[in-house]
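On a predicted model such as this, the values are computed, not experimentally measured, just so you know. Each chain gets a letter, A, B and so on, in the order its sequence line appears, and its residues count up from 1.
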Amino acid sequence: MKTKNKKPQVSIPENEAISFDLHYITSVQKKEIPREDFKVEMNRYYGKGMIMDFYKNNSNIFHDE
Amino acid sequence: MMNNEDHFLLFSTCIPVKGHESSLIMDLDKSEYLEIPNELYDILTSDHFTHNIKKIKSLFNNDYDEGINQYFQFLVDNHYGFYTSNPSPFQKLPLHFDSPHKIISSVVAINKESKYDLTNVFQQLDKLDCQLLQIRIYDHIEMGEVIEALKVLKKSSIRIIELYFPAFLKLSDEVLKKIIVDFPRILITVYGAQESKKNSVLKNSSRVIRYTDQQLLYDSKEVYSTDLFTVSHEMYLEAVNYNAGLHRKVCIDHEGNIKNYVSHNTIFGNVKDNLIAEIIQKEEFKEKYYLKNDIIEKCKDCQFRYMCLSNSDVEKKDENYHKIDTCTYNPYKNTWDQSNTI
Amino acid sequence: MPLIFSQEIDFPTNRVFDWLSFYDADYQKYTGLNLEDDFTFNDKKITISLGGLSKKKSIKIKDKNLDPVNLFPVWFRRPNKVSNPFTGDFEYESTYPRNLFNYALKQRNTIFWDYLGYKLESNNHLGSFKTTGLNKPIILELAQQFGLTIPSTLITNSKDDLKLFFETNNNRIITKSIEEIIIDHKHYINDEEYHHFYQITNLLESLDNTPSKFAPSLFQEYIDKEYEIRTVFFNDKCYSAAVFTQINENTKVDMRNRMANHFTRYMPYKLDAKIEASILKLMNHLELNFGVIDFIKSIDDQYYFLEINPVGQYGDVSLYCNYGIHKKIAEFLIKNENKKQKTSGKHS
């Protein structure tokens with residue numbers, strides 16, 4: 001599918017029933033970040049938690065350039 | 001832009017740290033640091049909440065006026081700080097570190113002689129809310145048993161499980177793939193491989209199998225390198241208050257001994273006889289938690305001390321603390337000793 | 001045992017669970033409809049009985065008898081009311097239109113959750129069921145009544161009056177939603193890319209090419225800001241941060257409009273006592289003990305109240321300013337449980 005630079009369809013008619021701000025719905029094209037990799041089931045949360053967002057390493061014993 | 005009547009403030013997540021020869025500003029938001037001269041450190045850590053720029057300049061006998069103008073403007077342009085006419089509502093960053101995890105990290109070693117109950121150890125670590133678990137496998141051991149034991153961690157609160165095992169186990173890509181599919185928390189490192197590389201075995205996934213040509217030894221030492229430094233909000237706060245490597249860490253060596261770190265000599269108990277929860281309550285076990293870089297010789301003079309993670313044992317000699325395994329950086333010369341750097 | 005109403009995935013809720021676990025506290029989590037999944041009504045069975053000659057009342061959740069129910073501290077973190085309109089993931093084949101059927105489902109669901117909220121609201125609770133959707137103009141009026149300064153505001157469906165307002169405000173005004181902003185939407189164009197639809201506060205520097213007919217809408221004067229202030233109000237205290245959105249042009253008008261690579265600076269901040277006192281009065285009046293409140297500090301040194309989000313995200317302020325709000329919430333829930341238990345004497 002060719003999608004580069006394809007503007008999304010937001011066409012909101014001018015109408016007495018539609019408030020002014022709704023003419024300013026914006027959209028940006030984004031690339032999906034595969035976040036599913038980082039969410040796992042955790043009993044404690046009764047749902048999913050993030051796993052890769054920890055703030056430090058455990059140890060640094062291997063070092064590859 | 002600059003008005004001498006204004007105050008210059010660094011953002012509270014931009015932390016100046018002084019080293020013996022050179023200083024830096026840690027940018028906790030961007031996970032970067034900026035090297036600065038020690039003179040600038042002294043200027044930046046003056047009381048800017050009380051003194052405006054004019055007064056700050058006079059505190060340094062107006063010797064650095066031009067330098068102050070240029071540096072402050074540079075720091076403002078690059079979003080390390082800002083000018084304000086009224087600094088009083090701005091507050092300093094509270095420096096306490098609070099963690100809900102009774103155990104933050106753990107290393108568990110296994111070889112073919114190991115006779116302790118791995119499943120039970122995993123369960124205990126999960127109960128203590130361990131967040132980072134590293135499993136080091138030596139020898140020709142039966143991987144199936146380890147994988148079986150890991151099943152108790154399937155819905156646990158452990159975030160990352162690093163699994164290190166030797167290349168000579170010759171596990172196929174299929175087997176490795178199955179492990180990381182079955183266990184989303186597991187990161188695999190195969191050591192002693194022919195070459196260092198990262199293999200992605202899963203489609204549409206960022207997860208990789210890491211191969212390293214380095215060897216894992218029973219006394220493998222910490223590697224210190226600028227690219228292994230961690231600049232983050234929590235790491236900074238932890239390192240200001242604690243030994244960031246050893247704080248709330250508990251390790252089990254291949255004989256089941258309970259230690260602060262696997263390569264340390266001191267043994268506090270054995271999982272065959274003691275509960276981990278009971279050992280980590282002991283004051284002598286927790287002692288190492290508090291030996292932070294600020295009170296350790298050499299480290300206390302190093303500008304990297306709040307981003308450097310070390311699990312080295314710390315010993316007391318003549319009333320001073322020293323790391324047993326230290327790095328090759330020399331803060332008194334601001335140089336890395338090339339002969340030992342990897 | 002605290003009862004927590006949230007989404008399936010809400011990271012602040014998870015951080016609070018970490019702390020509840022640290023203190024070995026038991027807790028239950030309930031998700032209604034949620035933002036991430038289509039329809040996970042609940043993994044819990046709920047049974048409420050009342051009436052009859054005996055007037056016997058009971059409430060049971062997941063076979064746990066919550067009687068007397070007022071023993072349980074409750075945290076309405078993200079109750080069902082703010083979730084997506086119903087988009088049940090099931091096959092539906094009927095000539096009765098799907099949208100009307102969905103509407104019926106949503107209405108019924110709302111009444112049920114409102115009732116549950118009504119029953120639990122007398123408990124020691126954090127957050128509120130009934131006020132999750134605040135009426136923005138009413139809040140602005142109340143804020144002013146309690147001593148806060150609000151931006152000059154116009155609500156109109158008259159283009160002529162809008163023009164007049166525009167001119168009196170130096171030809172710079174903003175359009176804002178009178179209600180909450182629209183719900184974000186991801187429109188996938190292929191496996192990897194999507195259009196992200198969202199609504200931001202817009203700056204208008206000209207009224208040319210703007211609609212001439214519109215429903216009653218909200219407009220405000222544009223305020224040149226030095227920085228924004230985000231205040232997390234919790235248990236009668238204000239935890240504030242100056243938020244430097246001026247750093248990149250993208251966030252000048254609206255913080256939500258930031259691109260991934262840009263970042264925002266936060267700095268711990270203390271509002272002056274008079275403003276904090278007004279916030280306290282306003283929140284007490286609204287019977288809210290939690291809310292995220294936005295202000296603008298203008299370049300001419302005025303503090304403008306913008307809005308309250310009763311289910312707002314507070315994680316950024318807590319992390320960047322090291323306020324430890326997750327821990328405080330967990331302690332609040334535990335403390336209130338103990339208090340109740342002491343006064344009632346028996347139940348666990």
**Student:** Is a donor from one side chain sitting under 3.5 angstrom from an acceptor on the other, for C/E205 and C/Y222?
**Tutor:**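 C/Y222 and C/E205 do not have a side-chain donor-acceptor pair below 3.5 Å.
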
**Student:** Does any backbone or side-chain atom of C/H196 lie under 4.5 Å from a heavy atom of chain A? Answer side chain, backbone, both or neither.
**Tutor:**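 For C/H196, heavy atoms of backbone and side chain both lie under 4.5 Å from chain A.
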
**Student:** Examine whether an atom of C/L162 lies under 4.5 Å from a heavy atom of chain A, and if so say whether it belongs to the side chain, the backbone or both; otherwise answer neither.
**Tutor:**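 When you check distances to chain A, only side chain atoms of C/L162 fall under 4.5 Å.
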
**Student:** Do C/Q220 and C/S152 get their side chains close enough for a donor-acceptor pair, meaning under 3.5 Å?
**Tutor:**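 No donor-acceptor contact under 3.5 Å links the two side chains.
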
**Student:** What are the two closest heavy atoms between C/N157 and C/F214, and how far apart are they?
**Tutor:**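 Residues C/N157 and C/F214, closest heavy atoms: CB-O, 3.1 Å.
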
**Student:** Can you tell me if C/H195 and C/Y188 form a side-chain donor-acceptor pair at under 3.5 Å?
**Tutor:**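 The answer is no; no qualifying pair exists.
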
**Student:** Identify which of A/M42, A/H23, A/K30 forms the greatest number of heavy-atom pairs closer than 4.5 Å to chain C.
**Tutor:**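 So the answer, after comparing A/M42, A/H23, A/K30, is A/K30.
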
**Student:** Please classify the contact of A/I18 with chain C as side chain, backbone, both or neither, using a heavy-atom distance under 4.5 Å.
**Tutor:**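 Only the backbone of A/I18 comes within 4.5 Å of chain C.
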
**Student:** Taking atom types as modelled, is there a side-chain donor on C/S158 or C/K163 under 3.5 Å from an acceptor on the other?
**Tutor:**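 No, no side-chain donor-acceptor pair sits under 3.5 Å.
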
**Student:** Between C/Y27 and chain A, which part of the residue has a heavy atom less than 4.5 Å away: side chain, backbone, both or neither?
**Tutor:**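 Both backbone and side chain.
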
**Student:** Let me know if C/L204 has heavy atoms under 4.5 Å from chain A in its side chain, its backbone, both or neither.
**Tutor:**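 The side chain, not the backbone.
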
